[in-house]
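See structure below.
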Number of protein chains: 2
Amino acid sequence: MQVFRNKLSQYVRLADDAWLPIKELDQRTETFEAGEDLIVAGQDANEIFILQTGWALRYRLLEDGRRQIVNFMLPGDVFDLQSLADLQADHTVTAITDCDVTVIPARPFVRMLRDSTRIAAAFWWAAVQEESILREQIVRIGRRSARERIGHMLLELHRRYAGATGEETDELVMPVTRADIADALGLTPVHVSRTMSAMRRSGLIAEERGSIKLLDRARLARLSHFDTDYLHLKKLNLLTHGLSSNHTAPATALDAD
Amino acid sequence: MQVFRNKLSQYVRLADDAWLPIKELDQRTETFEAGEDLIVAGQDANEIFILQTGWALRYRLLEDGRRQIVNFMLPGDVFDLQSLADLQADHTVTAITDCDVTVIPARPFVRMLRDSTRIAAAFWWAAVQEESILREQIVRIGRRSARERIGHMLLELHRRYAGATGEETDELVMPVTRADIADALGLTPVHVSRTMSAMRRSGLIAEERGSIKLLDRARLARLSHFDTDYLHLKKLNLLTHGLSSNHTAPATALDAD
DNA sequence: CGCCCCGTTGAGGAGAGTCAATGGCTGTGG
DNA sequence: CCACAGCCATTGACTCTCCTCAACGGGGCG
């Protein structure tokens, strides 16, 4: 649960004992190997997942074999909250690397949410952020050039990764192929390769064996119009500056009265 | 509230008295004129909206003036559930036509959700469906040709419109310009115009004064790979065939035990 | 009546796609 | 320990979808 708390602590402060209810849940930890499916399109889903280590991705396959990656899942990410509605998944989630995942059955989870306002709020933040990521993905694919798309996505992944792990380097260990990037950004592998080569030549990034170094984040951000605050990180400042030091979440509509 | 119930009744059955709690809320109805903003990017949001009549759209503006429409809102649609987390909006919602909107303050709304499991489940369905729409939008923009995008979106809007109003015609009264379609689909107005002209010539659609007629839905669906079930309508059949006649929602994880 | 917005159409251009060949790595098996 | 297979990134040449610029025309409205 630590990664998830790391991620949340960017937004809300949570006392240690606020987490007790979730620890009492009937959860288990599963390990998936790289390439394994966590969720399969068309199957019923009634568990929620919290990614502890590793990377995963969510995609849809078109009839003719085209693939669109909807988003990437990093440590600390929660999915599929939608399974609480007891629906069939309309997409597949696959492990990119080996993954440790906490699996919680939907029913007890929901019961706990009802009992613990604090935790419900925390998960609501996570869900809101996920939707925000989807919207950003739409803007990225719909209205940006290849170079902007790639730069923008690298910055987003870097930020999310740093947020979850607590690290702060320019290095991004990213276990994805050109084909993955292409399928995420609506491009072809060939064009991704060309574009990233150009970015390398102009000193924006450097690569070695699955690791990308963001050499000039400021320039990259300017160039791809990346808004550092888009993941609601503004809230972070609000919180750290605006609250007394007791370890409670700020008042939101989700708090009990 | 009627449209929203129409929409939901595609998925779940709800007894009349299940709606009482929502009627007791401190809600109000507002009217927005075409072109007015319901939600403005950067402003705090702590109300949720239910669109009763009219069309609205949600968009993001890039620094250089490019616009990306994230999705369209039709009668019966609920937004922004994310305001429950008390965040600043990262996008703008504008009325395309005159709109009647039910506005509910977030706090009492959340209190009601906690007390009424049935209604909470209903809104959860709505939220899940909205996310599903966003994902479909990503696939559409990322991996489809101009003709597929347009055909696919027309079919989606038609289906959603029919679902909300209960009508079932081939006519879709769609108050959007070529520029709107272009900004939704990551194209230019010029290219949208060309593509739709071609679709008209090949007998797929017909247009007159803001109304589009889908002349051959089957062919259009085949051509744009539209999956009729993507809005979780499969569930509808499950429900109508699999339930006894008492007017209750099916059991989901969201139901109380 | 005249303006403005919108849709349409044409001509030319550019960004991204397709097809195909090459070369580096990694893992495996003889 | 080396040879070979398979996957992946890269690069070149060519193509095509979609974009840009621009002109024209129709309909609504003051």
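Remember, predicted model here, so these are calculated numbers, not experimental data. Throughout, protein chains are lettered first and strands after them, A, B, ... in sequence-line order, and every chain is numbered starting at 1.
- Distance A:Ile181 CD1 to C:dA16 P: 15 Å, rounded to the nearest Å.
- At least one donor-acceptor pair closer than 3.5 Å links the side chain of B:Thr92 to the backbone N or O of B:Ala41.
- The side chain of A:Val190 lies closest to C:dC19, out of D:dC8, C:dA16, C:dC19.
- The nucleotide whose nearest atom lies closest to any side-chain atom of B:Ala146 is, among D:dC18, C:dT9, C:dA16, D:dC18.
- Atom CZ in B:Arg144 sits roughly 18 Å away from atom C1' in D:dC18 (whole-Å rounding).
- For B:Arg178, the listed nucleotide lying nearest its side chain is C:dT8; candidates were C:dG17, D:dT20, C:dT8.
- Among the protein residues, A:Thr195 comes within range of no part of the nucleic acid, since none of its heavy atoms lies under 4.0 Å from any strand.
- Summarising the geometry, the separation between CG on B:Leu187 and C1' on D:dT17 is reported as 10 Å, rounded to the nearest angstrom.
- Taking atom CD1 of B:Ile141 as the reference point, atom P of D:dC18 lies 13 Å away to the nearest angstrom.
- One atom, CG of A:Asp64, and another, C1' of C:dT18, lie 15 Å apart when rounded to the nearest Å.
- Put simply, CD on A:Glu207 is 6 Å from P on D:dT10, counting in whole angstrom units.
- Atom-to-atom, CD of A:Glu208 to P of C:dG24 comes out at 18 Å; the value is rounded to the nearest Å.
- A close approach under 4.0 Å does not occur between any side-chain nitrogen or oxygen of A:Arg209 and OP1 or OP2 of C:dC25.
- Here the nucleotide nearest the side chain of A:Ser197, chosen from D:dC19, D:dT11, C:dG17, is D:dT11.
- A donor-acceptor pair under 3.5 Å links the side-chain atoms of A:Arg143 to the main chain of B:Arg67, judged by distance alone.
- For the residue pair B:Thr102 and B:Gln52, a side-chain donor N or O sits within less than 3.5 Å of a side-chain acceptor on the partner.
- Note on A:Ser193: every side-chain N or O is 4.0 Å or more away from OP1 and OP2 of D:dA9.
- Atom pair B:His191:NE2 and C:dG13:P shows a separation of 19 Å (rounding to whole Å applied).
- The residues B:Arg135 and B:Glu130 are annotated as not salt-bridged, no charged nitrogen and carboxylate oxygen being separated by less than 4.0 angstrom.
- Across the interface with DNA chain D, nearest-nucleotide mapping of A:Met196 and A:Arg143 shows A:Met196 to be the residue nearer the 5′ end.
- Nucleic acid contact class of B:Ser145 (heavy atoms, under 4.0 Å, all strands): sugar-phosphate only.
- In summary, the side chains of A:Asn46 and A:Ser83 do not present any donor paired with an acceptor at a separation below 3.5 Å, with no hydrogens or angles considered.
- If you check distances only, the side chain of A:Arg147 never reaches the base of C:dG15 with a donor-acceptor pair under 3.5 Å.
- At a threshold of 4.0 angstrom between heavy atoms, the contacts of B:Gly210 with the nucleic acid are absent.
- You'll find a donor-acceptor pair under 3.5 Å spanning the side chain of B:Arg194 and the base of C:dG10, going by distance alone.
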